[in-house]
Amino acid sequence: MQSWIPLVPESASSISSKVDALYFYLSGVTLFFALLISSMLIFFIIRYRRRSPYEIPRPVAGSHKLETLWTIIPFIIAMTMFGWGARLYFEQYKPPENAIEVYVVGKQWMWKLQHATGQREINELHVPVNRKVKLIMTTEDVIHDFFVPAFRTKADVIPGRYTTLWFEATKPGRYHLFCAEYCGMNHSGMTGSVIVMEQREFDNWLSGNTGSTTPATAGQQLYQTLGCASCHGAEGQGGRGPNLIGIFGKPQHLQNAQDLLVDEAYIRESITDPQAKLVAGFGPIMPTFQGQVSEDQLMQLVAFIKSLHGVGETLPTVAGSPSPAARPGASPTRNIR
Ligand code: CUA
């Protein structure tokens, strides 16, 4: 699918027309100066050509006025590019709240995706139109890059780290998904589709694909089998290890007297490298789980810990469809005490 401008992919997200506008501005400024400079070059070549073999040109003294002018004008133009670009960048890479969350794991050479409601997909991502979707991404092996040209957005997925990407699709349809980072022999084949559906169709699709456990429920099972409960409590209420209930999205006081906002990356790090950022009041007694849990399992544990809520707290529900917790058959929310 193409837009009316040749070689430009279709514009299908809330951000894509803004990216295009900036892109056309950059191209316009570049084209304008390229034409201006080359035509002046040609004009001066002809106008000031040497007319007789013994001609000596008049010496030219500097002009402060001219130099100031050709410094200030480009400076202002460059700053408009910077300011515009920075504003767009922050809008694009700061994940919104109340987004639908999808977990993404890159792997040579496929994309594995899982919705918060449990549905799994490979090389396909179904999303509803006009809803914010947040991807929490990592990789099992090398660096890949999640790229949807029609949404004008991409982000690297990096081993041992979580990166996030968000978009809001504005048009139903099927859009290319590419890996935009060379990742080995079949990199060029690491493609897929993002399928944008009307909300009702999406709900149908979602309910037609149930039966799979939610990441939070799978994480809860792992929490038991890995023995996390022996220190963090059967319900995550804490014990020899810190309490896990209701910590997500809140500041955690660390042993080094710093406060840290608990996000997916921090939970992940605390599982793979527990000594890195100890919670105040707790000793370095937790063993590392590096190598014992796969990236999928790490994401499930993260989803489980995110789902732990204290009394009086609710999941941020998204308007338009029931939250994962409210769906029948899915029970990641746990109200403790
Ligand atoms: Cu994965 Cu290129």
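Predicted, not measured: the structure shown is a model, and the values here were computed from it. As the structure lists them, so they are numbered: ligands from 1, and atoms in each ligand from 1.
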Determine whether the side chains of Asp203 and Gln199 contain a donor N or O and an acceptor N or O closer than 3.5 Å.
-> yes
Do Lys171 and Glu10 pass the salt bridge (Lys or Arg N to Asp or Glu O under 4.0 Å) test, and can you show the C-alpha distance, the side-chain angles, and the key distance before you say yes or no?
-> CA-CA 10 Å; Lys171 255 192 257 174; Glu10 201 180 358; 3.1 Å; yes
The SD(Met190)-atom 1 (Cu) of ligand 1-SG(Cys179) angle, to 10°, is 110°
Ignoring hydrogens and angles, tell me if any N or O in the side chain of Thr170 forms a donor-acceptor pair with the backbone of Ala12 under 3.5 Å.
-> yes
Counting N and O atoms only, with roles assigned by atom type, does the side chain of Thr138 sit under 3.5 Å from a partner on the main chain of Arg161, one being a donor and the other an acceptor?
-> yes
Looking only at N, O or S atoms, find the one in Glu181 nearest to atom 2 (Cu) of ligand 1 and name it.
-> O
By atom name, which N, O or S atom belonging to His187 lies closest to atom 2 (Cu) of ligand 1?
-> ND1
Would you check if atom 2 (Cu) of ligand 1 lies under 2.8 Å from any N, O or S atom of His144?
-> no
